[in-house]
Colleague: 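I'd like to ask you about the structure that follows.
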Amino acid sequence: MDSPIQKAVKILKTGGVVAFPTETVYGLGASISNSKAIQKIYQIKGRPFDNPLIVHIGSPALLYKIADVIPDAALKLIEKFWPGPLTIVLKKSALVSDAITAGLPSVAIRMPSHPLALKLLKTFGEPIAAPSANRSGRPSPTTYQEVVQELGNKVDMILDGGKSEFGLESTVIDLSTSAPRLLRPGFITYEEVRKFLPHLKLRKENGSGPLPSPGLRQAHYQPNCVVKLVSTAQWKDALNKFLKKNLRLGLISFSQTIPENRKIVFLKDFSNNKALFAAGLYSSLIEAEKCKVDLLLVESVEKKGIGRAIMDRLERASSNGNEY
Ligand code: TXA
Ligand code: MG
């Protein structure tokens, strides 16, 4: 009988889609050389066609097939951070179709470190295009069960690799031009990458203009409840105010002591630990929605280190937070 990996490889080879675990979040994968399967990914996710996919590889050698120019800066980052939660954007080769890059001349590439993802990639032997395994605009799944709930029978197979270690999508760095830019903050922090790339710029340092990465739209990662970001300084006042209203409240706390109250129907406390906050954030958003929370108050953290990635996701998850 086929092992789950062998079964997944057969599905990929015949144009199917397979959800698989990575150390960041679960991905929804298809072979980069099967345009129908790539289309299926967009359909299943309800993803706008102008938002390109990340190409996953199981060995750095495949980089030379899918990227056209590989600058020294890329080699430096790869040596330090691959396999792991870092995606680099490079000029694409002719092998990568416009459907994958949404017509951009560049392609996003990453080599994940999750053992099951690596095994799948190595056994398949070819690159796999994979966005996060959520429907467009929703929090990304970080467990097998969450993928089942999110995509269920729409996909051909879901590989179970337990809980994703980091819980937030990979750091994305654009090296396709002469000015390296951080497009999406992640577990590998801006501060850390800057040690290797001193000229790395943050997105906003480049001013306004068109989005450098289409996936950076404002509203994203939203559960089916209103999310409101509250600073540590305003937390007590905000909580008192909302406890007086007739609402099912959810709380995600970083540093607070929470009073008992029947109106609080969901509570998650990350006890001053940013790595735990990052790893548990999406699952908490999904759990709050299951508890039928009306309003979810989330304590903000400093935008430094992993805090930058946490706040990036929270600012977008809470872009409906002014309803209350
Ligand atoms: O951790 C991750 O990166 C996960 C796992 C499954 O590997 N994948 C993931 O994929 O987060 P997705 O599709 O949800 O996010 C891909 C991000 C989007 O923000 C997209 O706009 C950006 O990468 N991206 C992809 N190709 C790009 C390109 N050529 N130039 C700029 N940004 C690009
Ligand atoms: Mg995504």
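Counting starts at 1 for both ligands and their atoms, following the listed order. Starting from 1, each residue takes its place in the sequence as its number.
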Colleague: Taking the six-membered ring for Trp and the single ring otherwise, decide whether the centroids of Tyr26 and Phe20 are under 6.0 Å apart.
Modeller: no
Colleague: Suppose I only count heavy atoms of Val89 and a 4.0 Å limit; which atoms of ligand 1 are within that range?
Modeller: 28 (C), 29 (N), 30 (N)
Colleague: Does the side chain of Leu296 come within less than 4.5 Å of Ile252's, by heavy atoms?
Modeller: yes
Colleague: So does Arg110 pair up with Glu169, basic N to acidic O under 4.0 Å?
Modeller: no
Colleague: Taking 4.0 Å as the limit for heavy-atom contacts, which would you say applies to Leu183 with ligand 1: side chain only, backbone only, both, or neither?
Modeller: side chain
Colleague: Numbering the atoms of ligand 1 from 1, which are under 4.0 Å from a heavy atom of His56?
Modeller: 5 (C), 6 (C), 7 (O)
Colleague: Checking contacts here: is it the side chain or the backbone of Arg110 that comes within 4.0 Å of ligand 1, counting heavy atoms only? Could be both or neither.
Modeller: side chain
Colleague: I'd like to check which ligand 1 atoms, numbered from 1 as shown, lie under 4.0 Å from a non-hydrogen atom of Ser106.
Modeller: 28 (C), 29 (N), 30 (N)
Colleague: Once you restrict to heavy atoms under 4.0 Å, what part of Asn51 touches ligand 1? Side chain, backbone, both or neither.
Modeller: side chain
Colleague: I need the atoms of ligand 1 closer than 4.0 Å to a non-hydrogen atom of Leu104, numbered in the order shown.
Modeller: 28 (C), 29 (N), 30 (N)
Colleague: Are side-chain N/O atoms of Ser300 and Ser231 paired as donor and acceptor at under 3.5 Å?
Modeller: no
Colleague: With the side chain counted from C-beta on, respond yes when Arg308 and Glu191 share a heavy-atom pair under 4.5 Å apart, and no when they do not.
Modeller: yes
Colleague: When you look for heavy atoms under 4.0 Å from ligand 1, do you find them on the side chain of Lys45, its backbone, both, or neither?
Modeller: neither
